[in-house]
4 protein chains.
Amino acid sequence: MVRGAVSLFKLKGFHRTTTREIAKAAGFSIGTLYEYIRTKEDVLYLVCDSIYEQVRSQLQAMDTEQGTLVSLKLGIDHYFRVMDDLQDEVLVMYQEAKSLSKDALPYVLQKELEMVGMFETLIKRCCENGELALDETRIHLLAQNIFVQGQMWGFRRWALQKKYTLEEYIEIQTDLLFSGINGYLE
Amino acid sequence: MVRGAVSLFKLKGFHRTTTREIAKAAGFSIGTLYEYIRTKEDVLYLVCDSIYEQVRSQLQAMDTEQGTLVSLKLGIDHYFRVMDDLQDEVLVMYQEAKSLSKDALPYVLQKELEMVGMFETLIKRCCENGELALDETRIHLLAQNIFVQGQMWGFRRWALQKKYTLEEYIEIQTDLLFSGINGYLE
Amino acid sequence: MVRGAVSLFKLKGFHRTTTREIAKAAGFSIGTLYEYIRTKEDVLYLVCDSIYEQVRSQLQAMDTEQGTLVSLKLGIDHYFRVMDDLQDEVLVMYQEAKSLSKDALPYVLQKELEMVGMFETLIKRCCENGELALDETRIHLLAQNIFVQGQMWGFRRWALQKKYTLEEYIEIQTDLLFSGINGYLE
Amino acid sequence: MVRGAVSLFKLKGFHRTTTREIAKAAGFSIGTLYEYIRTKEDVLYLVCDSIYEQVRSQLQAMDTEQGTLVSLKLGIDHYFRVMDDLQDEVLVMYQEAKSLSKDALPYVLQKELEMVGMFETLIKRCCENGELALDETRIHLLAQNIFVQGQMWGFRRWALQKKYTLEEYIEIQTDLLFSGINGYLE
DNA sequence: TATGAATGAGTGTTCATTCAT
DNA sequence: GATGAATGAACACTCATTCAT
């Protein structure tokens with residue numbers, strides 16, 4: 001059901017998608033759909049939940065233990081590729097999450113923070129390993145930046161994917177992330 | 001009218017806001033509303049247009065000519081403050097722009113690119129001045145990053161504004177932007 | 001004003017025509033239009049009234065006095081040509097008269113009866129002259145038939161005007177009216 | 001549904017009848033009405049279609065084979081009685097058919113021509129049988145006249161049904177149709 | 001006097017949700 | 001359980017009519 005709903009939301013947005021369409025795409029009757037959900041909004045919640053699950057499961061492969069700059073770069077590379085793979089899903093979530101009820105939204109945001117937390121861990125390991133010397137606040141914001149830069153590839157695709165291939169994007173972003181502007185002083 | 005609509009869209013989103021509410025918020029009757037617009041979507045377009053106009057007019061103050069790293073930092077500082085000021089508006093646009101018709105969307109995206117262009121110019125001036133040595137592709141992506149980091153402050157406020165004051169955010173982001181991770185090697 | 005309204009009603013019908021369109025077609029502002037009428041329906045009444053007036057004024061030329069079969073035929077010929085001339089107007093009245101208020105309708109129907117009355121008179125003169133021997137009921141129905149056959153040319157134009165020219169129509173109808181089926185027994 | 005709609009259209013016309021009224025008259029909710037139709041105009045089409053079907057089914061009883069003047073008279077008699085029976089329906093169709101879409105109208109007109117065709121056949125049989133000697137153009141127009149005279153009984157009821165009973169109308173019309181004016185020369 | 005901005009009741013239509021079968 | 005016919009609240013939009021200027 002979720003797969004079908006994602007396609008529909010991607011195509012027409014949450015509000016323009018009818019419950020009938022969701023049921024049809026899932027191969028259910030409308031009556032059966034309402035055995036699984038109580039509200040149309042539940043579908044959105046399930047969709048968001050499923051997307052986060054996909055993202056998280058794909059990110060499991062990321063090595064958070066080694067704590068070297070190389071493994072950090074590999075982690076970023078991996079994450080960006082996952083975001084490329086799931087860009088439709090991520091775009092949907094970005095645009096529709098606000099339609100979640102006041103109850104469901106914090107739950108979803110919590111999951112996001114968990115994912116940001118993965119990058120925090122990755123960076124912290126580097127600090128513990130003595131490869132980096134960043135304070136907590138810098139670590140957290142850096143993690144958020146990496147996280148958003150991954151999503152950016154999807155939600156600003158209209159601007160980015162015209163100019164860069166995924167490989168170029170990963171390479172340049174990683175470079176800018178590491179070198180900063182100061183790395184390019186004349 | 002636009003002001004009222006922004007508040008409503010912020011509160012309930014475009015789809016959950018009725019034309020009657022928009023009219024009421026604007027202080028006129030539903031009939032009069034339709035003297036000014038042809039379609040509910042026109043309101044969204046006017047809202048987006050007005051937001052961009054506000055952003056752009058506030059960014060006019062930015063000095064794009066000097067071409068020094070200091071003026072670049074000042075530009076970023078100014079932009080982030082503008083984004084803080086207009087964070088509601090920017091959030092609305094982020095979430096609702098996808099509801100624009102196929103005709104209006106490119107027009108809005110075009111305006112975004114113009115704004116990204118301002119940062120590109122700012123950075124290019126530094127290169128021309130011999131303060132930086134960045135190639136075209138890096139300049140463009142850097143500009144996009146700065147642009148998105150400004151918007152981030154608004155659309156991820158639930159995560160960021162709990163941890164950082166605006167001043168802290170500006171300071172740390174600027175620092176990370178310039179120093180990069182390499183700036184923190186042990 | 002009436003001229004413009006007739007064109008509009010012909011094109012889109014009474015209900016689909018807006019008062020704004022009527023005003024514009026008349027060269028008035030909407031405010032001024034409402035100086036002349038109290039209700040949209042008044043326009044319809046004025047239109048119907050004007051159409052009957054046109055028909056009647058054109059029929060004045062008909063010679064009702066002579067009381068010969070030849071003058072009867074000439075009268076029919078003349079009437080059919082008037083109906084051809086005013087077929088748009090007549091069609092409009094046919095289709096929209098039912099939208100007249102309960103007050104205005106009888107007034108309009110009265111005018112129709114007056115016109116039927118002209119043919120009654122024409123036929124009666126022939127009887128008085130000793131050219132025909134028809135009773136009252138036959139005279140009245142004959143007059144109605146002639147009247148309707150004239151309108152038919154307009155309101156069934158989609159069927160009739162593909163098959164007959166006006167001249168043919170007049171000739172054959174007159175012939176059938178006079179000869180009847182019995183005139184064609186083998 | 002069609003029955004209820006006919007009553008309403010008769011009473012107030014198509015445009016003044018709301019979909020809610022149609023639904024109520026049909027005994028279902030507005031939502032259910034829209035399970036059966038896609039557009040209000042569909043109701044009009046269904047109404048027109050159903051009326052023609054009623055007329056045609058009732059006319060099946062007409063004997064088109066015998067080809068005698070007596071059977072022609074019986075046919076006319078039968079048709080006039082059907083028109084009396086369905087005069088409300090016929091009146092509605094006369095007044096509202098113009099509101100049909102450009103797609104549906106020809107379909108309805110086609111059905112009318114089929115019915116006119118029945119009278120043509122009836123008359124032709126008489127010719128083939130050697131009872132009459134009428135050319136094609138006269139046959140066609142005669143058929144149209146009979147057809148319209150049947151409808152007249154309904155759409156000019158305000159004038160005719162005050163003066164004549166149905167029996168009188170049938171008798172006199174048939175007589176005028178057969179004898180013509182010439183049958184009443186002194 | 002002539003205007004046209006303003007009004008808001010009313011319309012066709014949609015769609016989330018229920019519930020008898 | 002599974003279905004889908006039925007519901008009706010809610011919506012975007014129109015337009016006859018008014019009235020301050």
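Throughout, a chain's letter reflects where its sequence line sits, starting with A, and its residues are numbered from 1. Just so it is clear, the model here is predicted, and its values are computed rather than measured.
- A 3.5 Å limit on both hydrogen-bonding distances identifies F:dC15 as the Watson-Crick or G-U partner of E:dG8.
- When only modelled atom types and interatomic distance are considered, B:Q95 and A:Y94 share no side-chain donor-acceptor pair under 3.5 Å.
- Nearer to the 5' terminus of DNA chain E, by closest-nucleotide assignment, is the contact made by B:Y36 (compared with the other of B:Y36 and D:T39).
- B:E41 has its CD atom 15 Å from the C1' atom of F:dC13, to the nearest Å.
- Across all strands shown, F:dT21 pairs with E:dA2; the Watson-Crick or G-U wobble distances both stay below 3.5 Å.
- One can place CZ of C:R16 at 19 Å from P of F:dC13, the figure rounded to the nearest angstrom.
- At whole-Å resolution of the value, CZ in B:R38 and P in F:dC13 are 10 Å apart.
- The phosphate of E:dT3 (OP1 or OP2) has a side-chain N or O of C:T32 nearer than 4.0 angstrom.
- We find that A:K10 and A:E89 are not joined by a salt bridge, their nearest charged nitrogen and carboxylate oxygen being 4.0 Å or further apart.
- Note on B:T19: every side-chain N or O is 4.0 Å or more away from OP1 and OP2 of F:dC13.
- Within the 4.0 Å cut-off from OP1 or OP2 of F:dG8, not a single side-chain nitrogen or oxygen of D:Y34 is found.
- Of the two residues near DNA chain E, C:R20 and D:I37, the one whose nearest nucleotide lies more 5' is C:R20.
- Here C:F28 lies out of heavy-atom contact (under 4.0 Å) with every strand.
- One distance of note links CZ of D:R3 with CD of D:Q54; it measures 5.0 Å at 0.5 Å rounding.
- A cation-pi geometry, defined here as NZ or CZ lying under 6.0 Å from the six-membered ring centre and within 45° of its normal, does not hold between C:K40 and C:Y34.
- In this entry the distance linking CZ of D:F14 with P of E:dT11 reads 13 Å, nearest Å.
- For D:I30, counting side-chain heavy atoms from C-beta on, the closest listed nucleotide (F:dG4, F:dG8, E:dG10) is F:dG8.
- Checking F:dT3, E:dT13, F:dC15 against every side-chain atom of A:S29, the shortest atom distance belongs to F:dT3.
- Mapped onto DNA chain F by nearest heavy atom, C:K40 and D:E35 fall at different nucleotides, with D:E35 at the one closer to the 5' end.
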